[in-house]
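As the structure is a computational prediction, the values presented were derived from the model and not from experiment.
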Amino acid sequence: MTFVKFPDDFQWGTATAAYQIEGAFDEDGRAPSIWDTFSKTPGKVLNGDTGDIACDSYHRVDDDVRLLKELGVKMYRFSIAWPRVIPQGAGEVNPVGLDYYEELVDKLLANGIEPFLTLYHWDLPQALQDQGGWENRATIDAFVTYAETVFQRLNGKVKKWLTLNEPWCISILSNYIGAHAPGKQDLQAALDVAHHILVAHGKTVERFRELGIVGEIGYAPNTEWNEPYSSHPDDVRTAALRNGAFNEWFLSPVLKGTYPEHVKRWYADKGYTVKIQPGDMEIISRPIDFLGINYYTGTLVKYNPGAGDLYDSLDIRSGFEKTDFDWNIYPEGFYNVLTWMTSEYGALPIYITENGACYEAKNVNGEVNDANRISFLHKHILALHRALESGVNLKGYMVWSLMDNFEWAFGYSKPFGLIDVNFQTLERTPKASYYWYNQLAVRNGLEV
Ligand code: FCB
């Protein structure tokens, strides 16, 4: 056995998001978000589940901070619910909403845990959606004002800030594929949303600098790795296009100030355009301090002449093992995406803001044996170490998720947590993976 050690300043953490864990959907002045509307629309979320109660973290902050502390992690990534802070999206601020987050931040700091704050993890105030949501450029300014409100309140306490979580999901998944709120199916609308959220990101970074907020700001795109099934030029081109649409579309504007030409051409050939206004690309590419990277999966891509669309799934009989979400287990893809990013964009500091797996495991008298999650994490953390050794500027890693929670369109059917949550009693039970991760965090490495 050898011990694989991480650098002394490497940080371990876990991640969650407001709508997935908080509950308290109508308390203390919180107004509905697009996820309240979507989850209450019949047929949108499995079993009609909603985030009304979720893990009830709104009322159980003490429990959850204690569990984090006992886990031995030094970072906790959470998100702010915009409709708690500015319930109508623009206009009046709800100070009680901010109090809740300040209390959470204070408790984390008192326990030696660094707060890693996401400003937008998908819960757009419904009032803004009623005026066109992210398709409407007015939402950009509403977001910057909301961000500024949070900056002012938590300046000096929070030192790690993320603007957006997973722009591909906010745009394509939610407005073209239609699987997430607001559930549209319109590719042009999705591209408009993609562009507007990137401008919102850039303007927020600009505001952060103008206000002289202490700390670092970045954002968290989701990545996946598409490997060509063969060296046939059709497969190579298709894999590049899928990587382009998924990864580059959201990285190149921010890090290079341009959209990737090959993807832009593909969209243009189908009649879709990016509506760039003068100055947009300069704003989008304002320098950030670090990148947050979410990685779960990837695949082999085979050209399918019958597929009319970039996002049609291709049956490639890849032979990958899968998690209980049916996602390919592909740690090599993690390594590939990180090394590709470094060669393409340079060695910007990177935090892995999400990585993890869905596995069901029964709670048997207070014991939850999720050996498959441990194996998944083990493989991905080794891939991460290899990436570090290859020169990727990695600073930390956060498991998705601290606890089982509301998994969007799949409701409570897809557990990702290190902690089991009984959604009837809301009781939390650490799983085997929680104790395993504790050892990893404490020893800053793992055995192979
Ligand atoms: C990511 C989301 C996160 C969670 C995981 C499983 O796409 O950012 O909220 O749902 O997937």
Quickly, which of W161, Y219, F151 forms a side chain to side chain contact (heavy atoms under 4.5 Å, CB included) with T204? Name it, please. F151
If you draw a 6.0 Å radius around CD1 in I53, do more than 12 non-hydrogen atoms from other residues or ligands fall strictly inside? no
Given F78 and V105, is the side-chain contact (heavy atoms from CB on, under 4.5 Å) satisfied, shown in steps? CA-CA 10 Å; F78 62 95; V105 164; 3.9 Å; yes
Pair Y412 + F406: ring centers closer than 6.0 Å: yes
Could you tell me how the ring of W408 sits relative to the ring of W35: parallel (under 30°), tilted (30 to 60°) or perpendicular (over 60°)? tilted
Side chains of T297 and N328: is there a donor and an acceptor less than 3.5 Å apart? no
Would you say that E27 contacts H59 through its side chain, given a criterion of any heavy-atom pair below 4.5 Å between the two side chains? yes
Determine the sole option in N294, L251, L164 for which the side chain to side chain contact (heavy atoms under 4.5 Å, CB included) test with P221 is passed. L251
Does a side-chain N-to-carboxylate-O contact under 4.0 Å join K157 and E102? yes
Excluding sequence neighbours, so at least two apart, what forms salt bridge (charged side-chain N to carboxylate O under 4.0 Å, His left out) with K107? D62, E103
Mutual orientation of the aromatic rings belonging to Y267 and W249 [parallel < 30°, tilted 30-60°, perpendicular > 60°]: perpendicular
Would K414 and D324 pass as an ion pair if we require N to O under 4.0 Å? no
